[in-house]
**Student:** 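Structure in structure tokens, see below.
In this chain, residues are counted from 1 in sequence order.
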Amino acid sequence: QKSLGLQKHLKSALERTEKKKAIMLETLANADQTEQNRIYGDLLTANLHMIGKGQETITLQNYYDEALPMVSIPLSTRLTPAQNAQSYYKKYRKAKVAEQYAAQQLLQIEKDLALLEGSLDDLEKCETSTDLAEIRYALTESGFLRPDASQRKKKKLPEGKPYRFTAPDGTLIEVGKNSIQNDRLTLHARGNETWLHAQNIPGSHVIIRSENEPSDETLLYAAKLAAYYSKGRNHPALPVDYTKRKYVKKSANAVAGMVTYTHFQTAIIGLTAED
């Protein structure tokens, strides 16, 4: 019940971010029109002597195209030939600035979407007030929530406990419930312990607590946990990546739970009712 308000807030933020992404993608999709404005400016500049006063259009050969087609260029009757050319250049420059801004924004938007989708997934795994506090903390640190005055007074965030499972051969397997726990679990694991995560979707970090090579049975058990505690739990054939913890890296400015990894292998997992 305590998480319902946060869930609503996340869904609203996700919807706003998706709309922003659509606008940025539309801006980039108009790149052909942007280049056309530059070409029109160049063609008009090279043929100013051919443009008559009050002319609404002019047809010129496009020497930027290998086929050398004729193109009809709209003109403003209120502008001189040179001003018409400058008008197209102005449109081009304005659109280029917008494209550069859109490309930069999309990088941040993708990070924001991953954070929001991951937080929504984390809410489904939330079991205690401490788990919820960790989710709120991660969102506050990323600017999606305002700092809570009561939380500011606390010197240290209480640590939530990850899920703990025992594989058929007795090996301990731990599963993070949220991004804060994922960071703690992964960054404190030993180098040769096995790390698992559902591929390219929000989900829990899973650690097989043994530096020995896990048995096939244990590895499959852990992969099923990684699949189940991810956004793709209902996928009939979900890729789950696994590697040694020493190959999992976190950059200094990455948000909680975001890592990169190498030397990985992939298992395809399809959960059944028995699982």
**Student:** Any link between Leu187 and Val255 through a network of hydrophobic side chains (Ile, Leu, Val, Met, Phe, Trp, Tyr) touching at under 4.5 Å?
**Tutor:** no

**Student:** Check whether any side-chain heavy atom of Phe165 lies under 4.5 Å from a side-chain heavy atom of Lys224, and answer yes or no.
**Tutor:** no

**Student:** Please check this pair: side chain of Thr34 against backbone of Lys96, looking for a donor-acceptor N/O pair closer than 3.5 Å.
**Tutor:** no

**Student:** Would you say the side-chain atoms of Gln55 pair up with the backbone N or O of Gly52, donor to acceptor, closer than 3.5 Å?
**Tutor:** yes

**Student:** Does some side-chain heavy atom of Leu44 sit less than 4.5 Å from a side-chain heavy atom of Leu60?
**Tutor:** yes

**Student:** Would you compute the distance between atom CD of Glu174 and atom NZ of Lys161 and round it to the nearest 0.5 angstrom?
**Tutor:** 9.5 Å

**Student:** So, Lys19 and Glu15, do they make that salt bridge, N to O below 4.0 Å?
**Tutor:** yes

**Student:** Could you check whether any side-chain heavy atom of Ile201 comes within less than 4.5 Å of a side-chain heavy atom of Asp121, counting everything from C-beta outward?
**Tutor:** no

**Student:** Using atom types as modelled and distance alone, determine if a side-chain donor or acceptor of Arg245 lies under 3.5 Å from a backbone N or O of Thr186.
**Tutor:** yes

**Student:** Can you confirm whether Ile39 sits close enough to Val71 that some side-chain heavy atom of one is under 4.5 Å from a side-chain heavy atom of the other?
**Tutor:** no

**Student:** Using the side chain to side chain contact (heavy atoms under 4.5 Å, CB included) rule, pick out the option among Asp241, Thr243, Ile208 that qualifies with Leu196.
**Tutor:** Ile208

**Student:** Using the rule that Ile, Leu, Val, Met, Phe, Trp and Tyr join whenever any side-chain heavy atoms are under 4.5 Å apart, tell me whether Tyr40 and Ile58 fall into a single cluster.
**Tutor:** yes

**Student:** Which class fits the ring pair Phe264 and Tyr261: parallel under 30°, tilted 30 to 60°, perpendicular over 60°?
**Tutor:** perpendicular

**Student:** For the residue pair Leu132 and Cys126, what are the closest heavy atoms and their distance?
**Tutor:** N-SG, 3.3 Å

**Student:** Can Lys21 and Asp112 be said to form a salt bridge (Lys or Arg N to Asp or Glu O under 4.0 Å), step by step?
**Tutor:** CA-CA 10 Å; Lys21 179 180 178 179; Asp112 290 345; over 6 Å; no

**Student:** Measure across Pro239 and Ile268 and return the closest heavy-atom pair with its distance rounded to 0.1 Å.
**Tutor:** CA-CD1, 3.9 Å

**Student:** Leu120, Leu145: one ILVMFWY side-chain cluster at the under-4.5 Å cut-off?
**Tutor:** yes

**Student:** Among Lys231, Arg233, Gln7, whose side chain to side chain donor-acceptor pair (under 3.5 Å) with Glu124 holds?
**Tutor:** Arg233

**Student:** Before giving the answer on side-chain contact (heavy atoms from CB on, under 4.5 Å), spell out for Thr130 and Glu159 the whole-Å C-alpha distance, their side-chain angles and the decisive distance to 0.1 Å.
**Tutor:** CA-CA 7 Å; Thr130 300; Glu159 291 188 2; 5.9 Å; no

**Student:** Side-chain contact test, heavy atoms from C-beta onward, threshold under 4.5 Å: evaluate it for Leu220 versus Ile269 and give yes or no.
**Tutor:** yes

**Student:** Output the distance between atom CD1 (Ile135) and atom OG (Ser179), rounded to the nearest 0.5 Å.
**Tutor:** 7.5 Å

**Student:** Quick one: does Lys91's side chain get under 4.5 Å of Ser87's, heavy atoms only?
**Tutor:** yes

**Student:** How long is the gap from CG on Asn84 to CG on Leu79, to the nearest 0.5 Å?
**Tutor:** 5.0 Å

**Student:** Going from OG on Ser215 to OH on Tyr221, what distance comes out if it is rounded to the nearest 0.5 angstrom?
**Tutor:** 12.0 Å

**Student:** Identify the heavy atoms of Tyr88 and Asn37 that sit nearest to each other, and give their distance.
**Tutor:** CB-O, 3.4 Å

**Student:** Closer than 3.5 angstrom, by distance alone: can the side chain of Arg136 be matched with the main-chain N or O of Leu6 as a donor-acceptor pair?
**Tutor:** no

**Student:** Between Ser204 (side chain only) and Val206 (backbone N and O only), is there a donor and an acceptor less than 3.5 Å apart?
**Tutor:** no

**Student:** Contact between Leu28 and Leu106 at the side-chain level, heavy atoms closer than 4.5 Å - yes or no?
**Tutor:** yes

**Student:** Between the main-chain N or O of Gly41 and the side-chain N or O of Tyr92, is there a donor-acceptor pair closer than 3.5 Å?
**Tutor:** no

**Student:** So does Thr128 get a backbone contact from the side chain of Asp131, meaning a donor-acceptor N/O pair under 3.5 Å?
**Tutor:** yes

**Student:** Do Val175 and Tyr228 make a side-chain contact, defined as non-hydrogen atoms from C-beta onward lying under 4.5 Å apart?
**Tutor:** no

**Student:** For Leu271 and Leu238, what are the C-alpha separation, side-chain angles and deciding distance, and is it a side-chain contact (heavy atoms from CB on, under 4.5 Å)?
**Tutor:** CA-CA 9 Å; Leu271 299 177; Leu238 182 70; over 6 Å; no

**Student:** For Arg184 and Glu134: C-alpha separation, side-chain torsions, deciding distance, then whether side-chain contact (heavy atoms from CB on, under 4.5 Å) applies.
**Tutor:** CA-CA 11 Å; Arg184 190 184 304 127; Glu134 287 179 325; 2.9 Å; yes

**Student:** Give a yes or no answer on whether the side chain of Lys94 reaches the backbone of Tyr89 with a donor-acceptor pair at less than 3.5 Å.
**Tutor:** no

**Student:** So, does Asn182 use its side chain to make a donor-acceptor pair with the main chain of His205 at under 3.5 Å?
**Tutor:** yes

**Student:** If you round to the nearest 0.5 Å, how far is CZ of Phe144 from NE2 of His9?
**Tutor:** 8.0 Å

**Student:** For residues Ala237 and His235, report the shortest heavy-atom separation together with the two atoms involved.
**Tutor:** N-ND1, 2.9 Å

**Student:** Should the heavy atoms of other residues, nucleotides or ligands under 6.0 Å from CG of Asp65 be counted, would the total exceed 12?
**Tutor:** yes

**Student:** Flag yes if Leu107 and Leu14 sit in one hydrophobic cluster, no otherwise; membership is Ile, Leu, Val, Met, Phe, Trp, Tyr, and two members link when side-chain heavy atoms are under 4.5 Å apart.
**Tutor:** no

**Student:** How far does CG of Asp122 sit from NZ of Lys177, to the nearest 0.5 angstrom?
**Tutor:** 11.5 Å

**Student:** Considering only NZ, NE, NH1 and NH2 on the basic side and carboxylate oxygens on the acidic side, decide whether Glu213 and Lys244 come within less than 4.0 Å.
**Tutor:** yes

**Student:** Under a 3.5 Å distance rule, please check whether Ser210 uses its side chain to pair with a backbone N or O of Asn212 as donor and acceptor.
**Tutor:** yes

**Student:** Are Trp195 and Val240 in one and the same hydrophobic cluster, where Ile, Leu, Val, Met, Phe, Trp and Tyr link if side-chain heavy atoms are under 4.5 Å apart?
**Tutor:** no

